[in-house]
Amino acid sequence: MLKPLAALAILALAGGLWWTTRPEPAAPPPPPSRAGSDALVQITLPQTLDAQAQLGQGIFAQTCAACHGEAAVGRDGIGPPLVHRIYEPSHHADEAFQIAVAQGVRAHHWTFGNMPRIEGLTRGDVAAVIAYVRTLQRANGIN
């Protein structure tokens with residue numbers, strides 16, 4: 001009977017030592033910037049998104065929002081808003097977005113610096129992002 005109690009005591013002691021010496025978990029990353037905190041433009045969100053724009057919204061959130069802001073409103077000192085007349089279809093056609101993602105683009109309208117090419121997105125992914133951005137633009141009178 002003494003051996004099982006001794007084994008139990010050793011296990012309890014080892015567990016207590018592990019609990020008191022384990023490292024603290026890392027703090028979670030800060031939440032993404034909200035569309036009002038450092039946004040360069042204020043926008044009206046569309047009432048609905050079609051399936052293609054919904055897909056684009058998810059891709060945008062994962063890939064583009066870090067620079068272009070939540071809902072493409074830009075980020076002060078980081079990246080331009082895409083819901084802006086500069087990016088209306090008659091000035092920046094859809095293919096311009098495809099090229100910017102595939103090859104990067106030299107700064108020419110803004111002072112944020114050059115946009116690097118974005119790895120890992122297909123033309124279809126970018127087309128979905130474009131559908132999302134164009135939907136946001138139309139909801140804000142940019143056609």
Side-chain angles (χ1 to χ4, degrees), residues 4-143:
L5 285 176
L8 186 59
I10 290 172
L11 284 174
L13 179 61
L17 286 174
W18 172 81
W19 184 260
T20 59
T21 60
R22 68 182 172 85
E24 288 294 317
S33 173
R34 295 287 133 222
S37 62
D38 61 353
L40 297 176
V41 296
Q42 296 299 313
I43 67 167
T44 300
L45 294 174
Q47 294 289 325
T48 60
L49 297 173
D50 67 20
Q52 180 79 342
Q54 285 180 20
L55 177 62
Q57 181 182 32
I59 296 167
F60 187 94
Q62 296 266 325
T63 310
C64 312
C67 294
H68 291 289
E70 184 178 308
V73 296
R75 293 197 55 210
D76 192 23
I78 300 172
L82 300 177
V83 181
H84 192 280
R85 293 218 180 272
I86 285 176
Y87 297 103
E88 67 187 351
S90 65
H91 188 74
H92 282 87
D94 293 357
E95 190 60 21
F97 287 94
Q98 289 282 358
I99 292 168
V101 170
Q103 299 177 9
V105 65
R106 287 184 34 200
H108 57 284
H109 289 297
W110 306 92
T111 59
F112 297 105
N114 298 336
M115 177 181 151
R117 77 175 195 224
I118 307 301
E119 300 284 341
L121 293 180
T122 66
R123 283 188 63 86
D125 293 336
V126 178
V129 170
I130 293 166
Y132 173 60
V133 170
R134 297 299 190 210
T135 302
L136 292 171
Q137 290 175 339
R138 282 189 301 276
N140 290 276
I142 300 169
N143 296 312

Are any non-hydrogen side-chain atoms of [X] and [Y] less than 4.5 angstrom apart?
X: Ile130; Y: Gln98; value: yes
X: Cys67; Y: Phe112; value: no
X: His68; Y: Pro81; value: no
X: Leu45; Y: Leu136; value: yes
X: Pro46; Y: Tyr132; value: no

Out of curiosity, [X] [atom1] to [Y] [atom2], how far, rounded to the nearest 0.5 Å?
X: Thr122; Y: Ile59; atom1: OG1; atom2: CD1; result: 7.0 Å
X: Gln137; Y: His92; atom1: CD; atom2: NE2; result: 10.5 Å
X: Arg85; Y: Ser90; atom1: CZ; atom2: OG; result: 9.5 Å
X: Asn140; Y: Thr44; atom1: CG; atom2: OG1; result: 5.0 Å
X: Arg75; Y: Asp38; atom1: CZ; atom2: CG; result: 4.5 Å

(request) Sort and list the pairs that fulfil salt bridge (Lys or Arg N to Asp or Glu O under 4.0 Å) and have at least one residue in residues 129-143, not counting sequence neighbours. (result) Asp94-Arg134

(request) Can you run down the salt bridge (Lys or Arg N to Asp or Glu O under 4.0 Å) pairs that involve residues 48-60, sequence neighbours left out, and say none if there aren't any? (result) none

(message) Determine whether a donor-acceptor pair (N or O, by modelled atom type, separation under 3.5 Å) exists between the side chain of Glu88 and the backbone of Ile142.
(response) no

(request) Look only at the side chain of Glu70 and the backbone of Ala39, and say whether a donor-acceptor pair between them is shorter than 3.5 Å. (result) no

Kindly give the heavy-atom pair with the smallest separation between [X] and [Y], and that separation in Å.
X: Val101; Y: Val126; result: CG1-CG2, 3.7 Å
X: Ile86; Y: Trp110; result: CD1-CZ2, 3.8 Å
X: Pro80; Y: Tyr87; result: CG-OH, 3.7 Å
X: Val83; Y: Ala71; result: CG2-O, 3.8 Å
X: Ala107; Y: Asn114; result: N-OD1, 2.8 Å
X: Cys64; Y: Val129; result: SG-CG1, 4.3 Å

(message) Taking side-chain hydrogen bond (donor to acceptor under 3.5 Å, both in side chains) as the definition, give me every residue that meets it alongside Gln47, ordered by chain and number, with sequence neighbours left out.
(response) none

(message) Does atom CD (Gln62) have a neighbourhood of more than 12 heavy atoms from anything else shown, all under 6.0 Å?
(response) no

